[in-house]
Q: 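One structure follows; several queries about it will come next.
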Amino acid sequence: MPPSAGQQQAYTLPPEKYQAAIELNRTLDVLYFVSIAWALLVLALMIRGRLGDRFRRFGVWSVFLMVAITVVAGLPFSIARHALGLAYWLSVESWRVWFLDWTKASLFGIGLTSSMAIAGFALVRRSPRRWWFYGWLLSVVAMIAGTYAMPLVFDPLFHDFKPLAVSRPDLIAPILAVAEKTGQSISPDRIFEMSASDKTRTLNAYMTGVGPTRRIVVWDTTVQHLTAPQIQTVFAHELGHYALNHIPRSIALAAAGLLVVFFLLRNYQPGGYADLPRILFAITLASFLVEPVVNSYSRWQEHEADVYELRIMSTLVPSAGDNSAKVDQIMAEISLDDPAPNPFIEFWLYDHPSTNDRMRFARAWPNR
């Protein structure tokens, strides 16, 4: 049941939406943990069944086959999540278009993961003593190249993008006013609108790319539902990521973490492609266990961007904190964000502060 009036939270929902949000998010939480357990079980069965040895005759193609099995094994969970999106009216994407998107993303992932694995095995063969260092370098280069190419290669596979100056020229002046207040110089050709409304009802904006490809993307659903001052607030948050160099800092931190991991594994000598299921099992388990650390860091960055946003918007609109909280409320209500997240789920899975925490912080801002 929703909180009583005396216990009212910052983020509120009508009773029927409150119940829907609770049901949706509890189901998604269970799906996540079951999907991880399923992925580990599939890999364990591949190891027990010596699938790597059975596929040895396929040579390098065995890598693509084994990676493809792990991707296809996760399809039921992807289907379940999309079904929930449709049932709770978050998604408007047809099953045909959704399956096409899933296929494109899966082929892209299979190709990238398999290529990295093949390159890694080649490094072990050619440099048994220093493979760990060259593997680390390869991983860092791939991470930087992937971040650089994401807005140019991957994102356009799923959505159309156009300069916001073309689709909504009336918003450019308010947005640039935000940038001017920060002393940041951002060209209008680095601000894009993404066509999200043909697939989702939810609102969002994000920063992507690095160096020459760095840009801020605002979903068309965000433009449709928010006022100009509210869009300024969203932009100020994303500009915070831009100004605070969150992407380069994240890459540097990930590179440092990977260096430690590769160094610890320096004496490991895989026995060829047949060992891939064991390696994928270890990576899947390690990624799951380190997720709270990664998400804690992400929440800290998001809070930094929130503070940046409030400082800038305080010079542009009255009651910047209330304005920011209203934006959070609108976006969360459309997305059916969890109004009462379990603390453990929040700790393990949330890469943003909860909507309640963000709204409370924003509403307290004028008193700071």
Q: Is there a side-chain hydrogen bond (donor to acceptor under 3.5 Å, both in side chains) between Glu304 and His246? Walk through the geometry before answering.
A: CA-CA 10 Å; Glu304 272 197 323; His246 280 168; 2.8 Å; yes
Q: Going by atom types only, do Glu309 and Ser324 share a side-chain donor-acceptor pair under 3.5 Å?
A: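 On atom types as modelled, these side chains qualify, holding a pair under 3.5 Å.
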Q: Can Gln301 and Ser250 be counted as having a side-chain donor-acceptor contact under 3.5 angstrom?
A: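 Their side chains do contain a donor-acceptor pair, which is all the 3.5 Å distance test asks for.
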Q: Shortest non-hydrogen contact from Ala325 to Met359?
A: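 Closest heavy-atom pair between Ala325 and Met359: O-CE, 3.5 Å.
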Q: Counting only N and O atoms by type, is there a donor-acceptor contact under 3.5 Å from the side chain of Thr222 to the main-chain atoms of Asn204?
A: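 Yes, because the side chain of Thr222 sits within donor-acceptor range (under 3.5 Å) of the backbone of Asn204.
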Q: A side-chain contact here means heavy atoms from C-beta on lying under 4.5 Å apart; do Val63 and Ser114 qualify?
A: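 They are in contact (side-chain heavy atoms under 4.5 Å apart), so the answer is yes.
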Q: Measure across Thr221 and Thr202 and return the closest heavy-atom pair with its distance rounded to 0.1 Å.
A: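 Taking Thr221 first and Thr202 second, the nearest heavy atoms are OG1-O, 2.6 Å.
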Q: Do the side chains of Val223 and Leu171 get nearer than 4.5 Å, heavy atoms only?
A: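 Of all side-chain heavy-atom pairs linking Val223 with Leu171, at least one is under 4.5 Å.
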Q: Centre of Phe263's six-membered ring, under 6.0 Å away, within 45 degrees of the axis: is that where NZ or CZ of Arg266 sits?
A: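 Judged by the rule, Arg266 and Phe263 form a cation-pi pair.
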Q: Under 3.5 Å, side chain of Thr315 to main-chain N/O of Arg311, donor-acceptor pair present?
A: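 Answer holds: no.
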Q: Atom CH2 of residue position Trp38 - does it have more than 12 heavy atoms of other residues, nucleotides or ligands inside 6.0 Å?
A: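 No - once you tally the heavy atoms of other residues, nucleotides and ligands closer than 6.0 Å, there are 12 at most.
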Q: So, the side chain of Ser35 versus the backbone of Tyr32: is there a donor-acceptor pair under 3.5 Å, distance only?
A: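 Yes: the side chain of Ser35 pairs with the backbone of Tyr32.
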Q: Taking the six-membered ring for Trp and the full ring for Phe, Tyr or His, determine whether the centres of Trp131 and Tyr134 are under 6.0 Å apart.
A: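 Not under 6.0 Å, so no.
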Q: Applying a strict under-4.5 Å side-chain criterion to I, L, V, M, F, W and Y, I'd like to know whether Phe288 and Val71 cluster together.
A: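 Same cluster.
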Q: Quick one: is the NZ or CZ of Arg201 closer than 6.0 Å to the six-membered ring centre of Trp89, and within 45° of its axis?
A: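 Flagged: Arg201 positioned over aromatic ring of Trp89.
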Q: Assigning hydrophobic clusters by single linkage (Ile, Leu, Val, Met, Phe, Trp, Tyr; side-chain heavy-atom cutoff under 4.5 Å), is Val92 placed with Ile334?
A: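 Unlinked, Val92 and Ile334 end up in two clusters.
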Q: ring-ring contact (aromatic ring centres under 6.0 Å, His included), that's the test. Do Trp219 and His159 meet it? Break it down for me.
A: CA-CA 10 Å; Trp219 290 12; His159 297 283; 7.0 Å; no
Q: In Å, rounded to the nearest 0.5 Å, how long is the span from CG of Leu31 to CD1 of Ile36?
A: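 That separation rounds to 11.5 Å.
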Q: Are there over 12 heavy-atom neighbours, none belonging to Arg130, within less than 6.0 Å of that residue's CZ?
A: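 Counting other residues, nucleotides and ligands, CZ of Arg130 stays at 12 neighbours or fewer.
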Q: For the pair Phe77 and Arg81, evaluate side chain to side chain contact (heavy atoms under 4.5 Å, CB included) and give the outcome as yes or no after the intermediate values.
A: CA-CA 6 Å; Phe77 297 95; Arg81 282 187 284 268; 3.9 Å; yes
Q: Give a yes or no on whether the backbone of Val97 and the side-chain of Ser94 come within a donor-acceptor separation of less than 3.5 Å.
A: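 Between the backbone of Val97 and the side chain of Ser94 there is a qualifying donor-acceptor contact (under 3.5 Å).
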Q: Looking at Arg358 and Asp306, does any basic side-chain N land under 4.0 Å from a carboxylate oxygen?
A: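 Yes, charged N to carboxylate O under 4.0 Å.
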Q: Does CG in Asp160 sit with more than 12 non-hydrogen atoms of other residues, nucleotides or ligands closer than 6.0 Å?
A: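 Atom CG in Asp160 is not packed in, count stays at 12 or less.
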Q: Do other residues, nucleotides or ligands put more than 12 heavy atoms under 6.0 Å from Arg26 CZ?
A: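 Yes, enclosed.
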Q: Hey, is CH2 on Trp61 packed in by over 12 heavy atoms from elsewhere, all under 6.0 Å?
A: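 No, the 6.0 Å shell around CH2 holds no more than 12 heavy atoms from other groups.
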Q: Keeping the roles fixed (side chain from Ser127, backbone from Leu123), state whether a donor-acceptor pair exists under 3.5 Å.
A: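 Looks like no, no N/O pair under 3.5 Å.
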Q: Where do Leu203 and Leu226 land on the side chain to side chain contact (heavy atoms under 4.5 Å, CB included) test, with the steps shown first?
A: CA-CA 9 Å; Leu203 281 55; Leu226 301 183; 4.1 Å; yes
Q: Indicate yes or no for a side-chain donor-acceptor contact from Gln230 to the backbone of Asn323 under 3.5 Å, with no hydrogens or angles considered.
A: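 No, Gln230 side chain to Asn323 backbone: no donor-acceptor pair under 3.5 Å.
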Q: Regarding Asp328 and Thr355, is there a side-chain donor-to-acceptor distance under 3.5 Å anywhere?
A: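 Their side chains do not contain a donor-acceptor pair, so the 3.5 Å distance test is not met.
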Q: How far apart are the closest heavy atoms of Met66 and Gly52, and which atoms are they?
A: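 Smallest interatomic distance, heavy atoms only, reads SD-CA, 3.8 Å.
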Q: When Ile144 is tested against each of Val141, Val140, Thr147 for side-chain contact (heavy atoms from CB on, under 4.5 Å), which residue passes?
A: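 The passing option is Val140.
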Q: Kindly indicate whether the side chain of Asp338, heavy atoms from C-beta on, has any atom under 4.5 Å from the side chain of Tyr350.
A: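 A side-chain contact exists here, since the closest heavy-atom pair is under 4.5 Å.
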Q: Keeping Asn25 on the side-chain end and Ala21 on the backbone end, is there a donor-acceptor pair under 3.5 Å?
A: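 Side chain of Asn25 to backbone of Ala21: a pair is present.
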Q: With no hydrogens and no angle check, is any side-chain donor or acceptor of Asp220 less than 3.5 Å from a backbone partner on Ser195?
A: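 Pair absent, no side-chain N/O of Asp220 close to backbone of Ser195.
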Q: If I compare all heavy atoms of Ala10 with all of Arg360, which pair ends up nearest, and what's the gap?
A: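 Of all heavy-atom pairs spanning Ala10 and Arg360, the closest is CB-CG, 3.7 Å.
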Q: Checking the side chain of Ser62 only, and the main-chain atoms of Phe58 only, is there a donor and an acceptor separated by less than 3.5 Å?
A: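 Answer holds: no.
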Q: Show your reasoning for whether salt bridge (Lys or Arg N to Asp or Glu O under 4.0 Å) applies to Asp101 and Lys199.
A: CA-CA 11 Å; Asp101 281 351; Lys199 297 181 180 181; 2.7 Å; yes
Q: Give the C-alpha distance, both sets of side-chain angles, the deciding distance and a yes or no for side chain to side chain contact (heavy atoms under 4.5 Å, CB included) between Thr113 and Phe108.
A: CA-CA 9 Å; Thr113 302; Phe108 191 94; over 6 Å; no
Q: What I want to check is whether the side chains of Asn356 and Ser354 have a donor and an acceptor closer together than 3.5 Å.
A: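 No donor-acceptor contact under 3.5 Å links the two side chains.
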Q: Is there a path from Leu157 to Tyr206 through hydrophobic residues (I, L, V, M, F, W, Y) whose side chains come within less than 4.5 Å of each other?
A: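 Different clusters.
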Q: Compute whether any side-chain donor of one residue and acceptor of the other, for His241 and Glu302, lie under 3.5 angstrom apart.
A: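 The answer is yes; a qualifying pair exists.
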Q: Any cation-pi pair here, Lys162 with Phe192, using under 6.0 Å and within 45°?
A: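 Here Lys162 fails the 6.0 Å and 45° test against Phe192.
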Q: Quick one: does any side-chain atom of Arg57 pair with a main-chain N or O of Arg54 as donor and acceptor, under 3.5 Å?
A: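 Judged by distance alone, yes, a pair lies under 3.5 Å.
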Q: If you define the side chain from C-beta out and look only at heavy atoms, does anything of Asn342 sit under 4.5 Å from Asp29?
A: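 Asn342 vs Asp29: side chains apart.
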Q: Please examine the side chains of Met116 and Leu138, heavy atoms only from C-beta on, and report whether any two atoms are closer than 4.5 Å.
A: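 Yes, side chains in contact.
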Q: Could you report the tightest heavy-atom contact between Glu291 and Trp348, atom names first, then the distance?
A: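 Closest heavy-atom pair between Glu291 and Trp348: CG-O, 3.8 Å.
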Q: Below 4.0 angstrom, N of the basic side chain to O of the carboxylate: do Lys17 and Glu333 qualify?
A: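 Salt bridge between Lys17 and Glu333, a charged N being under 4.0 Å from a carboxylate O: yes.
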Q: Under the side chain to side chain contact (heavy atoms under 4.5 Å, CB included) rule, what do Tyr297 and Asp351 come out as? Steps first, then yes or no, please.
A: CA-CA 8 Å; Tyr297 175 72; Asp351 57 7; over 6 Å; no
Q: Can we call the ring centroids of Phe133 and Phe262 under 6.0 Å apart?
A: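 No.
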Q: Under a single-linkage definition using a 4.5 Å side-chain heavy-atom cutoff for Ile, Leu, Val, Met, Phe, Trp and Tyr, are Ile231 and Phe161 assigned to the same hydrophobic cluster?
A: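 No, Ile231 and Phe161 fall in different hydrophobic clusters.
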Q: Tell me whether the NZ or CZ atom of Arg56 lies within the 45° cone about the ring axis of Tyr273 and under 6.0 Å from its centre.
A: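 That pair does not qualify as a cation-pi contact.
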Q: Quick one, Asn295 and Trp300 - any side-chain contact, counting heavy atoms below 4.5 Å?
A: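 They are not in contact (no side-chain heavy atoms under 4.5 Å apart), so the answer is no.
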Q: For Ala274 and Pro277, which heavy atoms make the closest approach, and how far apart are they?
A: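 It is O-CD, 3.4 Å.
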Q: Answer yes or no: are there more than 12 heavy-atom neighbours, outside Arg249 itself, under 6.0 Å from its atom CZ?
A: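 Counting other residues, nucleotides and ligands, CZ of Arg249 exceeds 12 neighbours.
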Q: Output the distance between atom CZ (Arg190) and atom OG1 (Thr208), rounded to the nearest 0.5 Å.
A: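 It comes to 12.0 Å.
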Q: According to the interplanar angle, ranging from 0 to 90°, do the rings of Trp102 and Trp98 count as parallel (below 30°), tilted (30 to 60°) or perpendicular (above 60°)?
A: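 Ring orientation of Trp102 relative to Trp98: parallel.
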Q: Linking I/L/V/M/F/W/Y whenever their side-chain heavy atoms sit closer than 4.5 Å, directly or via other members, would Ile283 and Phe64 fall into one cluster?
A: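 Yes.
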